[in-house]
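These notes concern the structure reproduced below.
Chain naming here is simple, since letters A, B, ... match the order of the sequence lines and numbering starts at 1 in each.
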Protein chains: 2
Amino acid sequence: MLGVWRLQLLREISRRGSIKAAAEAMSISPSAVSQQLSILEREAGVQLLEKTGRRVRLTDAAQLLVRHADTITGAIAAAEADLASMQQLVTGTLRVAAFPTAARAILPDVMTALSRQHPALRVTLRDLEAAESLTALQMDEIDLAIVDEYDEPARVSDGGLEFCEFMRDPLYLALSPEESSMPGAAVRLSDFRDAFWIMDTEDSHLGQVTLRACRSSGFEPHVRSNCKDFSVIIALVEAGLGVGMLPGLAIHDRPVRASIHPTDPPLARRIASVIRPERHSHPMIVSALAELERFGAAYAPPRLLG
Amino acid sequence: MLGVWRLQLLREISRRGSIKAAAEAMSISPSAVSQQLSILEREAGVQLLEKTGRRVRLTDAAQLLVRHADTITGAIAAAEADLASMQQLVTGTLRVAAFPTAARAILPDVMTALSRQHPALRVTLRDLEAAESLTALQMDEIDLAIVDEYDEPARVSDGGLEFCEFMRDPLYLALSPEESSMPGAAVRLSDFRDAFWIMDTEDSHLGQVTLRACRSSGFEPHVRSNCKDFSVIIALVEAGLGVGMLPGLAIHDRPVRASIHPTDPPLARRIASVIRPERHSHPMIVSALAELERFGAAYAPPRLLG
DNA sequence: TCCGTGAGCAAGCTGAACTTGATATGCGTA
DNA sequence: TACGCATATCAAGTTCAGCTTGCTCACGGA
């Protein structure tokens, strides 16, 4: 019978693209992987790897096997999740990745709540941009990804992953304190057609959305600077150098001197949790998602300082 | 991670009901099974077996695991089948069980054809009644079952098995040569309301069907004897001791002195192949089923000797 | 041409999983 | 009640799958 361990090694080679990388991922020596794969070739009766340069490529048969290996591994994971959910045991290590703002504004709360409720649970956090965390999830390097989405309606499932939007984060226009007449009042973007704009980087989602919103309000913004870090944007706005869009989480629980205004029409980004579907009922995942939901429900738009 | 081998041992205990039986099925010592299961309990973190008398019973958690083990094993088998079908290799051992008449009348042809086409294929045959061969199939003791069905329309799937009717076998009324006026002509059962009947055993399907057919023709047959073996029935009929129903296969390619008549309305049993669905595309299975279909298509009603 | 990098082979080591033989316990029976 | 049989389990020893280490080979970039 086909060895499951060998199949998983093949799977890892397919994911990472080389024997060496697969070996590192499984924390064994490259030689061991190579040996296991030649055994797997004997078991399967087909050639699975072919050399291409100094690396290896998967044959068609191997890719077929990888798909099967995925379902087999998924089935085993499902069994484990079922088992854990049956005994209601929240144990183990939950590996979370979140985009930087969430990592700062959401996760501290959630992580402390989780470890208070479940002392046996270890939570680790990495900050990754949405796209990165999705690939990390598929690589099985993390268990839970927190991603932000600006554009289309929430995907229920993408690349075999399970999305769940647990909060919306409004986007605000930040003005310098002097510039603001009615602190906290909603403003039209078109009123700022002549202002200088402090933008997120152009390749970022927020930058794109801002640009698009301005254009659909009928003007092309005068961009004074593109900065990746929200705190830089805040500083520039506070210094009176221009106006800028900021997501609520960026100013959540952090007093700013800038004047914060909702837009009319309102803009928001969606914030979602992403998991592997076979872990859906794992108690570790269940309680983490519940805690995120709780955070999302309790999340009030930031205090609007004048 | 849960060990797949251990899960399969648990599965086998669930099927066979005791550690000893599971050990025999996997051809290892009972002690090894016991040890593996205590390891599996550690891995799962739950008690899986509880002693009941001198045997063991599966806990709820264990039964949950067995279901998962089934899907995992199925996935592995599917991978192997896919692999084999990809390389079009008809190799290995095909374990067939068939009911006795089929084992005599169908399988010799089919087996010789198969081993002529695929010299690397080994075919083993057991004769089992339909019900027995289905449980054997579920126990994974055989790969292919040939069953006969008298009553309801062909089941597409039952107990997770895949049925495929590949031929119908007409039922004939056998008369003593003297008794017959028009050899080979269809007869009405009601014309034999006063005859003595040589029946299959009452608990057999054929016996049931015969009895029912007589009753729906409006009479209760005078049963002279109940015999399990068709050749005994033939002998009794030829001796002029009564009339009897016989399936076509029982007299196929074997000249009988008895006079054989189709019935009006015609009666028939259905003959089906049964496999495990995950093996559906295994080339061994594919070619065996094809060969059965071929036999079914070529199967002519037996020569009707006057 | 040289050097770094990745795959694969050979030899030896470790531990998982098996066997054998002994022990405990439930069940039927003399 | 005592005995024998059947089943599970424990303890100790054995085997071999799968790992590591150290080497070789082949490719590709400086």
Side-chain angles (χ1 to χ4, degrees), chain A residues 1-59 61-63 65-66 69 72-73 76 80 139, chain B residues 1-59 61-63 65-66 69 72-73 76 80 139:
Chain A
M1 201 186 57
L2 292 174
V4 172
W5 172 239
R6 289 184 257 280
L7 285 176
Q8 288 174 340
L9 291 179
L10 177 65
R11 193 171 100 107
E12 217 58 35
I13 294 177
S14 159
R15 297 248 181 299
R16 321 246 172 210
S18 82
I19 290 190
K20 183 179 201 302
E24 272 165 13
M26 305 302 251
S27 45
I28 58 178
S29 68
S31 181
V33 178
S34 179
Q35 292 171 43
Q36 289 304 307
L37 257 95
S38 57
I39 296 177
L40 185 60
E41 286 190 333
R42 273 217 323 271
E43 286 179 341
V46 205
Q47 193 184 4
L48 296 174
L49 301 181
E50 49 192 13
K51 316 189 65 152
T52 161
R54 54 184 153 191
R55 318 195 120 200
V56 288
R57 234 176 49 77
L58 300 203
T59 63
Q63 309 211 11
L65 270 190
V66 167
I72 292 169
T73 312
I76 296 175
E80 286 166 340
M139 292 288 203
Chain B
M1 200 187 59
L2 292 173
V4 173
W5 171 239
R6 289 184 257 279
L7 285 176
Q8 288 174 339
L9 291 180
L10 177 65
R11 194 170 99 105
E12 217 58 35
I13 293 177
S14 159
R15 295 246 182 300
R16 322 243 172 210
S18 83
I19 290 191
K20 184 179 199 302
E24 272 165 13
M26 306 302 252
S27 45
I28 59 177
S29 68
S31 181
V33 177
S34 178
Q35 292 172 44
Q36 288 306 305
L37 257 95
S38 59
I39 296 176
L40 185 60
E41 286 190 335
R42 274 217 322 271
E43 286 179 340
V46 206
Q47 193 185 2
L48 296 175
L49 301 181
E50 49 192 15
K51 316 188 64 153
T52 161
R54 54 187 153 186
R55 322 193 116 201
V56 288
R57 234 175 51 77
L58 300 203
T59 64
Q63 308 210 11
L65 270 189
V66 167
I72 293 168
T73 313
I76 297 175
E80 286 167 340
M139 291 289 203

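- The nucleotide whose nearest atom lies closest to any side-chain atom of A:Val56 is, among C:dA7, C:dT19, D:dC19, C:dA7.
- For B:Ser29 against C:dT20, a side-chain-to-base donor-acceptor contact under 3.5 Å is absent.
- The separation between B:Gln36 atom CD and C:dA16 atom C1' is 8 Å, rounded to whole Å.
- The CD-C1' distance, from B:Glu24 to D:dA6, rounds to 12 Å in whole Å.
- At whole-Å resolution of the value, CD1 in A:Ile39 and P in C:dG8 are 13 Å apart.
- Counting only heavy atoms from C-beta outward, the side chains of A:Val33 and A:Met26 never approach each other to under 4.5 Å.
- One atom, CZ of B:Arg16, and another, P of D:dA8, lie 14 Å apart when rounded to the nearest Å.
- Using a 4.0 Å heavy-atom cutoff across all strands shown, A:Ser38 reaches no nucleic acid atom at all.
- To the nearest angstrom, C1' of D:dC10 lies 13 Å from CD1 of B:Ile19.
- When distances run from any side-chain atom of A:Ser18 to the nucleotides D:dA6, C:dA7, C:dA17, the shortest one goes to C:dA7.
- Checked against D:dT9, D:dT7, C:dC18, the side chain of B:Ala32 finds its nearest nucleotide in C:dC18.
- In terms of heavy atoms, A:Val66 sits closest to A:Arg11 at CG2-CA, 4.3 Å.
- Within 4.0 Å of A:Gln35, counting heavy atoms only, lies at least one base atom of the nucleic acid.
- Straight-line distance from the CZ atom of B:Arg42 to the P atom of C:dA17: 10 Å, rounded to whole Å.
- Side chain of A:Glu41 to backbone of A:Leu48: a donor-acceptor contact under 3.5 angstrom is found.
- Of the options A:Arg15, A:Gln8, A:Arg16, a side-chain hydrogen bond (donor to acceptor under 3.5 Å, both in side chains) to A:Glu12 is made by A:Arg16 and by none of the others.
- Each of B:Ser34 and A:Thr52 was assigned the nucleotide of DNA chain D with the nearest heavy atom; the assignment lying further toward the 5' end belongs to B:Ser34.
- Distances shown here put a side-chain N or O of B:Arg6 below 4.0 Å from the OP1 or OP2 atom of C:dA17.
- Residue B:Trp5 has a polar side-chain atom (N or O) positioned under 4.0 Å from OP1 or OP2 of C:dC18.
- In this entry the distance linking NZ of A:Lys51 with C1' of D:dG28 reads 13 Å, nearest Å.
- Here the side chain of B:Lys20 is nearest to one of C:dA17, D:dA8, C:dA10, namely D:dA8.
- Side-chain contact check for B:Gln63 and B:Thr59: no donor-acceptor pair (N or O, by modelled atom type) lies under 3.5 Å.
- The separation between A:Arg57 atom CZ and C:dA7 atom P is 14 Å, rounded to whole Å.
- Contact annotation: side chain of A:Ser31 to base of C:dC9, donor-acceptor pair present below 3.5 Å.
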